[in-house]
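Some notes on the structure that comes next.
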Amino acid sequence: MAIIHLRPALPQDAAILADLGARTFRETFERICSPGDMEAFLLRTYGLSQQRAELEDPSRPARLLEIDGEPSGFIQLRLGHREPGVAGARPVELQRIYLLRSCHGLGCGAVLMSEALAVTEAWGADAIWLGVWENNHRALAFYRRWGFAEVGEHVFKIGEQVDRDLILARPLP
Ligand SMILES: CC(C)(COP(=O)(O)OP(=O)(O)OC[C@H]1O[C@@H](n2cnc3c(N)ncnc32)[C@H](O)[C@@H]1OP(=O)(O)O)[C@@H](O)C(=O)NCCC(=O)NCCS
């Protein structure tokens, strides 16, 4: 039986998160934009220095999930970050919840989401929200099962490609 382990992601994990983030993003979205636009976006968004800076920021807690010692997924949160349409005085953005495709459907998504909610509630948040591509059907089904509902939308651009992200939110007790 596989051993699933979750731990805080620290600045020294920047290379691991940069690699996981880029691999998962590519696996999930490679068909929606040109290879050139994709690589430029990945470098800008998941580059090592960018990732290290994010992990050094106390308002952006992150957790790394390992399966049998192999980095397989992560979450990154933004405490106090909001988007129009998100209700609540103290919201948290679930900026990333990423699992490699080979690890989907094993219950690891639930482990990551439970931890995201635990961190969010421990900070005293009254809402958690996220943006998701309108055609990411697997993620949408997953979020709806976790009680998220649509509250808005925004434009998401990768190079020349313009897409619509749905904003989903879930109030917290
Ligand atoms: C989002 C993510 C963390 C969920 O983890 P997971 O292990 O895949 O989640 P689960 O298998 O528990 O749930 C997926 C749900 O989607 C459903 N599903 C699978 N493929 C689907 C499809 N093509 N269309 C609609 N629903 C689908 C599954 O049946 C399941 O729903 P159910 O439990 O109600 O039956 C994971 O898929 C992931 O990291 N994806 C790639 C990165 C990503 O898209 N992140 C989110 C960006 S906003």
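Order of listing sets the numbers, starting from 1, for every ligand and every atom in it.
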Should one rank Gly105, Gly73, Ala141, Cys108 by closest heavy-atom distance to atom 7 (O) of ligand 1, which comes out on top? Gly105
Nearest protein heavy-atom contact for atom 23 (N) of ligand 1: which residue, which atom, what distance? His137 CB, 4.4 Å
Considering only non-hydrogen protein atoms, determine which one is nearest to atom 19 (C) of ligand 1 and report residue, atom name and distance to 0.1 Å. Arg138 NH1, 3.4 Å
Non-hydrogen protein atom less than 4.0 angstrom from atom 28 (C) of ligand 1: no
Decide yes or no for Tyr143 and Arg170: does some side-chain heavy atom of the first lie under 4.5 Å from some side-chain heavy atom of the second? no
So is Thr28 polar-close to ligand 1, meaning N/O to N/O under 3.5 Å? no
Under 3.5 Å: N/O of Thr24 near N/O of ligand 1: no
For atom 1 (C) of ligand 1, which of the options Gly109, Ala139, Gly21 provides the nearest non-hydrogen atom? Ala139
Which residue holds the protein heavy atom closest to atom 39 (O) of ligand 1, what is that atom called, and what is the gap in Å? Leu99 N, 2.7 Å
Heavy-atom side-chain proximity of Arg23 to Leu100 below 4.5 angstrom: yes
Sub-4.0 Å heavy-atom approach of Gly131 to ligand 1: yes
Under the side-chain contact (heavy atoms from CB on, under 4.5 Å) rule, what do Leu166 and Trp133 come out as? Steps first, then yes or no, please. CA-CA 6 Å; Leu166 303 179; Trp133 181 41; over 6 Å; no
Okay, side chain of Arg138, backbone of Phe142: is any donor-acceptor separation there less than 3.5 Å? no
Protein residue, atom and distance nearest to atom 9 (O) of ligand 1, heavy-atom basis: Phe142 CD1, 3.5 Å
What do you think, any protein heavy atom under 4.0 angstrom from atom 35 (O) of ligand 1? no
Going by heavy atoms in the side chains, are Leu130 and Ile167 under 4.5 Å from each other? no
What orientation do Phe25 and Tyr46 show, parallel under 30°, tilted 30 to 60°, or perpendicular over 60°? tilted
When distances are taken from atom 44 (O) of ligand 1, the protein heavy atom at minimum range is Asn136 ND2, 2.8 Å
Are Pro91 and Ile128 packed together at the side-chain level, in the sense that at least one heavy-atom pair is separated by less than 4.5 angstrom? no
Do any nitrogen or oxygen atoms of Arg145 lie less than 3.5 angstrom from nitrogen or oxygen atoms of ligand 1? yes
Is the shortest heavy-atom distance from the side chain of Arg60 to the side chain of Leu77 under 4.5 Å? no
I want to know if ligand 1 touches Phe29 in the polar sense, i.e. an N/O pair below 3.5 angstrom. no
Considering only protein heavy atoms, which is closest to atom 38 (C) of ligand 1, and at what distance to one decimal place? His104 NE2, 3.3 Å
The single option from Glu54, Glu93, Gln95 that satisfies side-chain hydrogen bond (donor to acceptor under 3.5 Å, both in side chains) with Gln76 is Glu54
I'd like to know whether CD of Glu160 has more than 12 heavy-atom contacts from other residues, nucleotides or ligands below 6.0 angstrom. no
Ile97, any N or O under 3.5 Å of ligand 1 N or O: yes
Looking at side-chain heavy atoms only, is the closest gap between Arg7 and Arg63 below 4.5 Å? no
Closest to atom 47 (C) of ligand 1 among Phe74, Trp146, Tyr143 (heavy-atom distance): Tyr143
Against ligand 1, does Ala110 come closer than 4.0 Å with any heavy atom? no
Set of side-chain contact (heavy atoms from CB on, under 4.5 Å) partners for Ala125, sequence neighbours left out: Val92, Thr120, Trp123, Leu172
Heavy atom under 4.0 Å from ligand 1: found in Leu140's side chain, backbone, both, or neither? neither
